[in-house]
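Positions are given from 1 along the sequence.
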Amino acid sequence: MELKLSVPQWHYSMLLDDERVSVFKEAVETSVKPGDIVFDLGTGSGILAMIAAKNAKHVYAVELDPITTEYTRENINENNFENITVIEDDAAYYPFSEKADVVIAELLDTGLITEPQVPVLNSIIEKGLLKEGGIIVPEEVYNSAQIVKSKMGHIYYDEEVTSEEVSNEIVYDTINFYRVNDEDVEYLLEFDLKEDVKSPAVRLNTYTKLKENLISGSSPMLNPPLVIPINGELKTGTVKIKLSYVMGGDLESINVEIIKWSTK
């Protein structure tokens, strides 16, 4: 499928992330059936809306940012899609006039912290806007954590740097988007450290299940690992960490503290 796309400068890196685009393309193409009504929430460039529109009866493409919305409209018109309605609004509050067979929501970020994936999909479920038997893409995510050696004194993404791991990786939560999820979360995590760490940090990873048998790990523009420094030093042994944040909040909502550690 060839599309002509114009996007704001900050969107280029997302379109150039082949893994991100291809995994969502596969999920959308295999989920949308002829005659379906589709919501594409946080449509951005409109690329997923246009992929869905190949089969769908109609696609509602919702984008909050007014600058991006203008590019979306241009892309829809340039590629001659007449079955897509572009809406400039907050997807969590827009009064949809009908229910969806398929809801696409690529409002993801590591831990679901800085993007509104959970608040938006909570709203869709609470309002009963997904038809019975309807599909959400992606359907759930798995959040994991491990202790690493921090390379910076502030929260950062492990992109151009890679923080050395010093503990086991644990899955601390599964977020299923078919149900309403608490946005304020708190976890007690336990790790086994293999060595002393002077500048410890918790590194979060998010794995995305788009649909059955289609799971994506991190890519440059899809949930890159998030590193959160911890105050204090840790020694070899077992450590318990309390992690809390607001899903759909921001990085400032994150709190990490050492609850207990014991040496071997």
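Heavy-atom minimum distance, Thr72 versus Gly46: CG2-CA, 4.1 Å. What you find for Lys240 and Leu188 is that their closest heavy atoms are CB-CD1, 4.4 Å.
In this structure, Gln117 contributes its side chain and Leu107 its backbone to a donor-acceptor pair below 3.5 Å. Of the possible polar contacts, one joining the Asp158 side chain to the Ser163 backbone as a donor-acceptor pair under 3.5 Å is found. A donor-acceptor contact shorter than 3.5 Å is absent between the side chain of Lys151 and the backbone of Glu164. Between the Asn223 side chain and the Gly111 main chain, no donor and acceptor come within less than 3.5 Å of each other. The main-chain N or O of Leu108 is found under 3.5 Å from a side-chain atom of Glu106 such that the two form a donor-acceptor pair.
Side-chain atoms of Tyr157 and Asp109 form a donor-acceptor pair, as typed in the model, at a separation below 3.5 Å. When only modelled atom types and interatomic distance are considered, Thr236 and Asp196 share a side-chain donor-acceptor pair under 3.5 Å. Counted by atom type alone, Asn143 and Thr206 present one or more donor-acceptor pairs between their side chains at under 3.5 Å.
With Glu165 as reference, Arg203 is the one residue of Lys149, Arg203, Lys194 to meet the salt bridge (Lys or Arg N to Asp or Glu O under 4.0 Å) rule.
Contact annotation: the side chain of Thr208 never approaches that of Val23 to less than 4.5 Å [non-hydrogen atoms, C-beta and beyond]. In this structure, the side chains of Leu41 and Ile124 come closer than 4.5 Å at one or more pairs of heavy atoms. The closest side-chain heavy-atom distance from Val166 to Leu234 is not below 4.5 Å.
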Next on the checklist: Apply side chain to side chain donor-acceptor pair (under 3.5 Å) to residues Asp192 and Ser167 and explain how you reach the verdict.
Outcome noted: CA-CA 6 Å; Asp192 292 320; Ser167 81; over 6 Å; no
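Within 6.0 Å of the CD atom in Glu186, the count of heavy atoms belonging to other residues, nucleotides or ligands exceeds 12. Residue Lys57 qualifies as open at atom NZ: its count of foreign heavy atoms under 6.0 Å is 12 or below.
Classification of the Tyr172-Tyr187 ring pair by plane angle, with boundaries at 30° and 60°, yields perpendicular.
Tyr156 forms part of a hydrophobic cluster together with Val148, Met152, Val161, Val227, judged by ILVMFWY side-chain heavy-atom separations under 4.5 Å.
Listed by chain and residue number, Lys209 satisfy the salt bridge (charged side-chain N to carboxylate O under 4.0 Å, His left out) test with Glu139 (two or more places apart in sequence, or in another chain).
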